[in-house]
Structures are given as structure tokens and as C-alpha cells.
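Below is one structure, written out as C-alpha cells; comments come after it.
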Protein chains: 2
Amino acid sequence: MEGSLPKPGTKSRVASPTRDPERTRAAILRAATAEITAKGLTGARVDAIAERAGVNKRMLYHYFGDKQGLYLAVLEHTYAAIRTAEIGLNLTELDPVAGMRKLVLFTWHYFIDHPEFLSLLATENMNRAAYLKKSKAIRPLHGSLVDLIEALLKRGAQQKIFRDDVDPVELYISIAGLGFFYMSNRHTLSTIFGKNLSASARLAARGEHIVEVVLAYLKPVEKT
Amino acid sequence: MEGSLPKPGTKSRVASPTRDPERTRAAILRAATAEITAKGLTGARVDAIAERAGVNKRMLYHYFGDKQGLYLAVLEHTYAAIRTAEIGLNLTELDPVAGMRKLVLFTWHYFIDHPEFLSLLATENMNRAAYLKKSKAIRPLHGSLVDLIEALLKRGAQQKIFRDDVDPVELYISIAGLGFFYMSNRHTLSTIFGKNLSASARLAARGEHIVEVVLAYLKPVEKT
DNA sequence: GCCGTAAGTAACTATACGGTTACTATGCAG
DNA sequence: CTGCATAGTAACCGTATAGTTACTTACGGC
């Protein structure tokens with residue numbers, strides 16, 4: 001009797017576990033992100049990705065064409081995530097110093113919470129950004145990031161609490177760099193300096209250090 | 001007649017081009033550095049290294065055991081180069097601000113001139129510093145770096161031109177990070193921001209920016 | 001209720017790759 | 001001069017790897 005069978009009529013996501021393209025695609029993308037960020041593009045194994053995703057290898061080629069296509073999808077997905085999160089920050093409501101502090105700490109915590117983003121950047125730069133250059137989806141995301149920082153800097157300069165000659169791109173690279181280098185190189189740095197840089201107390205201290213460095217730089221130069 | 005043959009008696013380096021272990025070893029190391037920093041450890045091909053070095057592949061195994069042994073030799077050689085150069089800086093002769101400026105710019109220019117160092121760090125961190133941890137040769141090199149910075153900070157604090165609560169390791173990570181991120185990620189950053197960050201005018205400007213950021217941070221907090 | 005299309009499987013293939021084998025040439029200590 | 005350790009060569013090998021082929025199963029529009 002058909003009463004005990006799962007109802008095929010309902011389009012609910014629970015239904016049959018077979019034949020769920022969206023779930024399969026997402027599982028592949030997640031597995032590929034993990035494998036590629038752990039081992040790099042050349043180190044990642046297509047068979048390992050398929051196994052991690054619990055999916056037949058043939059499906060990777062079905063959905064993403066080839067290994068490179070899969071890598072590009074991972075790259076686009078990962079970049080979109082951070083740029084989207086930044087837009088949600090809503091810095092316009094805060095005074096400039098508080099806004100800058102929030103942006104700096106957001107960036108820092110994003111790096112702590114998303115090591116896969118750091119690894120992927122390292123991989124892509126080793127590749128001279130060849131895939132990023134191919135992607136039409138990623139570049140448009142970055143105008144708004146510059147606008148965000150520019151607005152903050154302008155408000156601060158008007159209120160005379162920031163110096164008025166700051167380049168927003170140069171500043172963003174500094175904010176990101178102060179966190180990126182610490183996190184992406186924490187394994188070598190921990191080893192050569194004989195300290196565990198991943199300890200949570202140290203991570204918190206580093207966050208405050210970065211805020212201090214950035215705000216000290218932004219302070220207007222006193223008149224002599 | 002034997003008169004026209006190259007004299008084997010003279011031990012001069014010019015003599016016979018065959019059988020020169022030092023030259024062969026050095027050629028392999030150079031080729032391996034180039035190949036590994038261009039493509040990563042997994043991306044590098046043993047056959048390509050041999051060809052680049054103009055040497056039979058068997059020689060790589062003769063001198064370095066296996067691919068991993070070769071990688072370790074590259075890593076040790078590359079780390080030793082920067083740490084040795086730092087020691088030659090002679091910062092004790094300068095006043096603290098000039099000394100710090102010199103250290104910051106040295107680090108920055110080192111990154112510009114030695115992209116292979118940056119790539120190798122990226123590779124090694126992707127590997128969670130597994131090879132660095134194995135190396136007995138590298139760690140001892142780093143005590144003197146911390147001493148160098150510590151001495152500079154102490155002199156500056158005594159003269160009241162630096163704040164007196166600066167952690168030398170935290171500061172070094174900032175100095176390095178401000179340059180490292182810019183250079184190691186210049187391909188992705190140039191792409192997303194639509195600017196050529198490798199242009200020499202921009203590199204010079206970045207150097208000045210980093211000096212400003214570091215010195216602003218080191219300035220003693222004014223009394224309120 | 002049937003049929004075309006998209007989702008999914010298993011087994012296979014060509015080759016690129018790290019590493020080895022079996023051998024030869026060189027030069028220096030005695 | 002000669003024996004022997006080290007430098008060097010060429011050809012080879014097993015396997016891991018990206019990508020394919022040939023086939024089966026489920027879904028949804030008509």
C-alpha cells in the first residue's frame with residue numbers, strides 16, 4: 001500500500017535521498033574546498049574530493065567540467081562569502097573610530113574563522129591569479145569594499161580625528177596584511193619563535209595590536 | 001700528444017667540466033628552488049628540476065635522497081639567506097628611529113628582491129610547517145633576530161621616543177606582514193583592485209607607507 | 001503511463017610521475 | 001699503476017591520477 005511510502009508529491013527537501021542535484025553539487029563544492037585548501041590545487045586529488053563528498057567521481061565532471069572548473073567554482077564561492085559579509089557590516093551608523101575598529105576586528109576574525117580563505121589566496125597567488133583573472137563574477141564585488149573604506153576615511157578626516165591623506169586601498173592592504181600574515185604563516189612563525197601563535201589568548205591580543213597599529217597610523221599628525 | 005690536453009694536475013676550478021660535485025649540487029639546488037617556488041612542492045616535477053639543472057635525474061637522488069630531502073635543503077638554504085642578511089644590518093650604530101626605518105625597509109626590499117622566499121613560506125605553511133619542524137638547522141637562526149629588535153626597542157624606550165610596552169615578536173610580525181601580504185598577494189590584489197601593484201613607483205610608496213605605520217605605532221602615547 | 005532528459009554508477013585507460021636498476025667513467029690514495 | 005669510492009648515464013618500472021566510456025535509474029512534462 002502506498003500509504004507507508006515517502007510521498008513523492010510533496011516537493012519538500014526531505015523526500016527521497018536519491019537524485020538531489022543541489023545537494024550533490026553542494027557536497028562536491030564543500031569537499032573540494034576542504035581538499036584544495038588543505039593541499040593546494042596540484043596537491044588536491046580528484047578521487048579524494050569525490051570520496052569526501054560521498055559522490056561518484058563522474059559527478060564532479062558532470063557538474064564542474066574538470067578539476068580546473070571545480071577550482072574556479074571554489075574560488076568564486078569563497079571570495080563572494082567574505083565580500084558579502086563585509087557589506088553587511090553597516091559602518092555608516094558608527095563614529096569613524098568605532099567604525100574602523102569594527103572593520104579591523106571583523107577582518108581579523110574572518111581570517112581566524114575562515115582559514116580556507118587564506119589557503120586559497122596562497123594557492124591562487126602561487127598561480128599568479130590566473131583563475132581569478134578568468135572569473136567574471138569576482139571583480140565587481142570589490143568596488144563596494146573600497147567605497148566603504150573611503151566613506152569612513154572621509155568622515156574621519158572631516159571630524160579631524162583621521163589624517164586626510166590616506167589611500168583606502170593601501171590602508172585595506174595594511175589591515176588585511178597585519179592579520180593575514182599572522183594567520184597564514186602561523187605554523188612557520190610558531191616554530192621559529194617557539195610560541196604557539198594559535199592560542200586563543202594570543203589571537204585576542206593580536207586583534208588589539210592590529211587595532212592599535214591602524215588607529216595610530218590614522219591619527220592626524222600633530223602640528224609642530 | 002698529451003701536451004694539448006687540459007692539465008689535470010692543477011686543482012683550479014676551471015679544469016675539467018666533468019666531475020664537479022659542488023657545481024652539480026649547487027645547480028640542482030638552484031633549479032629546485034626555482035621550480036618549487038614557482039609551482040609548490042606538489043606541483044614541482046622532479047624531471048623538470050633535473051632538466052633545468054642540466055643534470056641527470058639520478059643525481060638528485062644521489063645528493064638529496066628524495067624529493068622531500070631536496071625540498072628541505074631548499075628551505076634551509078632560503079631561510080639561512082635572509083637571517084644572515086639581517087645580522088649584517090648593524091643597527092646598533094644608528095639612533096632608534098633611523099635603525100627601525102632601516103630594518104623596516106630592509107625587510108620590505110628583501111621581499112621585493114626575493115619572491116622565492118615568499119612562495120616558499122606559502123608552500124611550507126600550507127604544509128603546516130612539517131619540514132621546518134624537522135630541520136635542526138633553521139630554528140637557532142632566529143634568536144638573534146629577536147635580540148636585534150629587542151635592543152632597538154629598549155634604546156628607543158630609554159630615549160622616550162618609542163613606547164615602552166612593545167612586544168618584539170608582535171612587532172616583527174607586523175613589519176613583515178605589512179610587506180609580505182602586499183608582495184605575496186600582489187597578483188590577486190592587482191586584479192581585484194584594478195591597479196598594477198608591482199609598478200616600481202607603487203613599491204616605493206608602499207615602503208614609505210609601511211615605515212609610517214610602524215613609526216606611528218611606536219610613538220609614545222601622549223599624556224592626557 | 002510513457003518517454004526524453006538529467007542524475008548517477010562502475011569499470012576502464014593513457015600517461016605522467018617519483019623513484020630504481022644496472023651500468024660506466026673518473027680521479028686520487030697508496 | 002692500480003684499486004676503489006664517488007660522480008655520472010640511460011633505460012626502465014609500478015603506481016597514482018585526471019579524465020572517459022558505456023551503461024542504468026529516476027523524474028517530470030505531456
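Keep in mind that this is a model prediction, so the values were computed, not measured. Reminder, nothing fancy here: chain letters follow the sequence lines and each chain counts from 1. Because only heavy atoms are used, hydrogens play no part in the values below, and waters and symmetry mates are left out as well, while side chains stay in.
A 6.0 Å sphere centred on NZ of B:Lys39 holds no more than 12 heavy atoms belonging to other residues, nucleotides or ligands.
Spacing between atom CD1 of A:Ile36 and atom P of D:dA18 amounts to 11 Å, rounded to whole angstrom units. Atom CZ of B:Arg25 and atom C1' of D:dG8 are 16 Å apart (whole Å). Distance A:Glu22 CD to C:dG8 C1': 17 Å, rounded to the nearest Å. As a whole-Å value, the separation of B:Asp47 CG from D:dA10 P is 14 Å. The nearest whole Å value for the distance from the CG atom in A:Asp20 to the P atom in C:dG8 is 7 Å. Rounding to whole angstrom units, CD1 of residue A:Ile28 and C1' of C:dA7 are separated by 11 Å.
Remark: B:Glu170 engages A:Arg206 in a salt bridge, criterion side-chain N to carboxylate O under 4.0 Å. Note on B:Glu35 versus B:Arg52: salt bridge recorded, some NZ/NE/NH1/NH2 to OD/OE distance being below 4.0 Å.
Dashed line: the shortest gap from a side-chain N or O of B:Thr24 to OP1 or OP2 of D:dG8 is under 4.0 Å.
Listed by residue number, B:Lys57, B:Arg58, B:Tyr61, B:Asp66 are the residues of residues 48-66 of chain B with a heavy-atom contact under 4.0 Å to DNA chain C.
A:His209 is listed as a side-chain neighbour of A:Val213, based on a closest heavy-atom distance under 4.5 Å.
Here A:Arg83 pairs with A:Tyr79, A:Glu86, A:Leu141, A:His142, A:Leu145, A:Tyr172, B:Ile192 under the side-chain contact (heavy atoms from CB on, under 4.5 Å) rule; sequence neighbours left out.
When only modelled atom types and interatomic distance are considered, B:Glu76 and B:Ser135 share a side-chain donor-acceptor pair under 3.5 Å.
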